Amino acid sequence: MAGLNILVAFFASTIALCQLLRWATRRLLPDRLYQCTASELASSLQLCACCLELRMLVEIGMWGGGYGPDVITTLLFLLFIAHGFTFDKASGNSAVSLQEFLLRDSPLLDTAARLLTQYMGMEAAKVLTKHYWALELTEFHMIQNLMAQDCSSSLQTSVAHGVFVEGLCAFCYHLVLLRFKTTRLAYRVPIAALTVSLLSYAAGSYTAAFFNPTLASSVTFQCSGNTLREYALVYWCGPLAGMMLALFLYQGNIPLLFQRNLLYSQKGKYKTPKAKALHAPKAKATDNLTSPQNRKGSEKKADQDGSKKADQDGSKKASQDGSKKSGQDGSKKADQDRSKKATQDGSKKANQDGSKKAGQDGSKKAVQDGSKKGGQEGSKKGGQDGSKKGGQDASKKGGQDGSKQGGQNGSKKGGQDGSKKGGQDGSKKANQDGSKKANQDGSKKANQDGSKKANQDGSKKSNQDGSKKAAQDGSRKAAQK
C-alpha cells in the first residue's frame, strides 16, 4: 500500500510541475507560440511520465503487490481526468494534431511545431522517469531498474491484428472527440477519459492500446521482440488510418483534401416556415387552400373583386351625388346671374337700338317694353337653358371625375384592406371630389352658357319688339299730324 501511495504522489508532483511550467511560459510567450511549443511540451512530458509509471505498475503490480486491472483502470481514468483539465488546449497526441491540420484548424507550421515539441516532451519524460526510478523509493522501482535493461515489447499479437486493434481504438477515440468537440469542458473531459479507460481495458493485452504514435515511439520502440517496420505499421499506420476514417465518416469528407461533401447532402440550418392558407371571401372552411397555387388564386380573386366593387360603388355614388348637387347649385346660381345679366344687357341694348331707330318717343316706349319683355323672357330662357346645360355638363363631369378618383382610391385601398374597406374609402373620396369638381365646373359652365344665351335672346327680342312698337307709334303720330 505504501508503494501505491508513492505512485500517486509521483502523479501529483508531475502534474504540479508541468502546471507550473505552463503558468510561467504563458506569461512570457505570445499566445500562438505558447500553444504550439510550451503547452504541448508540458502536456507531452506529463502524459509520458505518468504513462511510464503506470506501465511499470501493469507489468509488476500484479505479482509484486496484487494490483489487478481494476486498480490500473481506475488510476488511468483519474489520470486522464487530470490531463483533460490541465492540458490547456494541448493534446500531447500527434494523431490529434494531424486531425486538426486536416480539419484546417491548424496551419502547417503550427502542426509541425506541435509534433516536434511533443517528441521533445516525451524524450524529456523518459529521462526524468529513469532518474526517478534510480532513487528506488519502492520495491517496484528496484525491480523496474533490473528489467529496464531488457524491456519486453507491448505488441503481444500479430502485426495485422495489431494494426486492426490500434486502428479500431483510434477510430473510436477520435470519433468521440469529434462528436463532443463543442461540448462544455466539464462534460467533454469525463467522456474522453471514460473512452480511453474502456479502450485500454479491452485492448491492453494485445497492443497496450496506445493509439498515440509519439507516445508509442517513446515507450516501446526501443524494446526487443519486433522490428522498427512492424512497430511503425502497428503504432503509426494503424492510429493514423483510424483517425482519418473517423474524420471522413463524421465530416463526410476530409476538408484539406476535398471541398465537396462526399457522403452527406448539405441541408440548410434553418427551415423556411410554411405560409398559412389564406381563405378567399365567402369561402367555406372545407375548401382545399393548402397548396401555394390555391392561396395565390384566392389572393388575386379577393383583390380583383375588391377593386371592381369599389369602382362600381364609387362611380355610381359619385355620379348620383355630383349630378344632384351640381344641378341644384348650378340652376340656382345660373338663374340669379342670368336674370341680372339679361336685365342689364337687355335694357342697354334696347335703349341704344330704340333711340336710334324710332326717335325720341319710340326710344322711351322701347326702353320700357324691351326692358320688361327682355328681362322676363331672358330670365326664363336663360334659366331653362342654363339649368339643362349646367345639369348635363355637371353630371357628365362629376361622373367622370368621381369614377376616376373613386376607382383609383378604391382599387388601391381595396387591394390592401379588402373589398369592404376599399368600397367605403372609395365612395367617400369620390363623393367629396365629385361634388367639389361638379359644383365648380357646373357653375362656370352654367354662367357662361346662360349669359351668352340670355344676351342673344334678349337682344333679338328687344330689337324686334322695339322696332315694331316704334314703327307703329311713328306712323300713328305722323297720321295725326
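Small disclaimer: the values here were computed from a predicted structure and weren't measured.
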*Can you list every salt bridge (Lys or Arg N to Asp or Glu O under 4.0 Å) pair that touches residues 87-103, not counting sequence neighbours?*
R26-D88
*Closest contact, heavy atoms only, A125 versus L52*: O-CD1, 4.2 Å
*Evaluate the criterion side-chain contact (heavy atoms from CB on, under 4.5 Å) for residue pair F85 and F80; output intermediate values, then yes/no.*
CA-CA 9 Å; F85 284 110; F80 270 88; over 6 Å; no
*Option among T227, L228, V234 that satisfies the side chain to side chain contact (heavy atoms under 4.5 Å, CB included) test with E230*: T227
*Mind checking disulfide bond (SG atoms under 2.5 Å apart) for C237 and listing every partner two or more places apart, or none if nothing turns up?*
none
*side-chain contact (heavy atoms from CB on, under 4.5 Å) between K126 and H131: does it pass, once the steps are laid out?*
CA-CA 9 Å; K126 287 174 61 177; H131 283 287; over 6 Å; no
*Yes or no on side-chain contact (heavy atoms from CB on, under 4.5 Å) for L247 and L103, after CA distance, side-chain angles and deciding distance?*
CA-CA 9 Å; L247 179 60; L103 285 171; 3.3 Å; yes
_Stepwise side-chain contact (heavy atoms from CB on, under 4.5 Å) test for C48 and E123_ = CA-CA 9 Å; C48 186; E123 293 299 322; over 6 Å; no
*With E59, which residues qualify under salt bridge (Lys or Arg N to Asp or Glu O under 4.0 Å), at least two apart?*
R55
*Beyond-backbone contact of M243 with L240, side-chain heavy atoms, under 4.5 angstrom*: yes
_pair L7-L57: side-chain heavy atoms closer than 4.5 Å_ = yes
*What pairs of residues pass the ring-ring contact (aromatic ring centres under 6.0 Å, His included) test when at least one of them lies in residues 3-33, not counting sequence neighbours?*
F10-Y132
*About how many Å separate OG of S97 and CG of L102, when rounded to the nearest 0.5 Å?*
11.0 Å
*Only pairs at least two apart or in different chains count here, so list each ring-ring contact (aromatic ring centres under 6.0 Å, His included) that has a residue in residues 207-253.*
Y173-F211, F210-Y235, F221-Y231, F221-W236
_Nearest 0.5 angstrom please: T37 OG1 to L116 CG, how far?_
10.0 Å
_Atom of I15, atom of Q46 and distance for their closest heavy-atom approach_ = CG1-NE2, 3.7 Å
*Do T86 and C18 have side chains that get closer than 4.5 Å, going by heavy atoms?*
no
_Heavy-atom pair with the smallest gap, counting every atom of L199 and A209_ = O-CB, 3.8 Å
*asked:* For a quick test of reading the model, state the closest non-hydrogen atom pair linking L155 to G162 and the distance between them.
replied: CD1-CA, 4.2 Å
*Just wondering, do L76 and L54 contact through their side chains at under 4.5 Å, heavy atoms?*
yes
*Below 4.5 Å, heavy atoms only, C-beta onward: do M56 and W133 meet side chain to side chain?*
yes
*Residue pairs involving residues 194-213 (criterion side-chain hydrogen bond (donor to acceptor under 3.5 Å, both in side chains); sequence neighbours excluded)*: E166-T207
_Whether over 12 other heavy atoms sit under 6.0 Å from F77 CZ_ = yes
*Taking all heavy atoms of G121 and all of S44, pick out the closest pair and write down the distance.*
CA-CB, 4.0 Å
*Please check if the side chain of T117 supplies one atom and the backbone of C36 the other of a donor-acceptor pair under 3.5 Å.*
yes
*Keeping to residues at least two apart or across chains, list the side-chain hydrogen bond (donor to acceptor under 3.5 Å, both in side chains) pairs with something in residues 178-190.*
D105-K181
*asked:* Considering only residues two or more places apart or on different chains, which pairs with a residue in residues 176-235 satisfy disulfide (SG to SG under 2.5 Å)?
replied: C151-C223
*Please check if any side-chain donor atom of H141 sits under 3.5 Å from a side-chain acceptor atom of E53, or the reverse.*
yes
*Where do R32 and P107 come nearest, in terms of heavy atoms and distance?*
NH2-CG, 4.1 Å
*Indicate whether the side chain of T111 and that of S106 have a donor and an acceptor atom separated by less than 3.5 Å.*
yes
*Could you tell me which residues satisfy side chain to side chain donor-acceptor pair (under 3.5 Å) with T220, sequence neighbours excluded, listed by chain and number?*
S154
*How about C169 and V165: do any of their side-chain heavy atoms sit closer than 4.5 Å?*
yes
*Selection residues 86-113 - residue pairs positive for ring-ring contact (aromatic ring centres under 6.0 Å, His included), sequence neighbours left out*: H83-F87
*Are any side-chain N or O atoms of Q156 and backbone N or O atoms of S153, one a donor and one an acceptor, separated by less than 3.5 Å?*
yes
*Can you tell me how far the CG atom of N253 sits from the CZ atom of F258, to the nearest 0.5 Å?*
7.5 Å
*Any side-chain heavy-atom pair of L198 and T73 under 4.5 Å*: no
*What salt bridge (Lys or Arg N to Asp or Glu O under 4.0 Å) pairs are there with at least one residue in residues 39-48, not counting sequence neighbours?*
E40-R114
*asked:* Checking S43 now: which residues fulfil side chain to side chain donor-acceptor pair (under 3.5 Å) with it, not counting sequence neighbours?
replied: R22
*Is there a side-chain contact between L215 and M122 (heavy atoms, below 4.5 Å)?*
yes
*With distance as the sole test, does N145 use its side chain to make a donor-acceptor pair with the main-chain N or O of E136 at under 3.5 Å?*
no
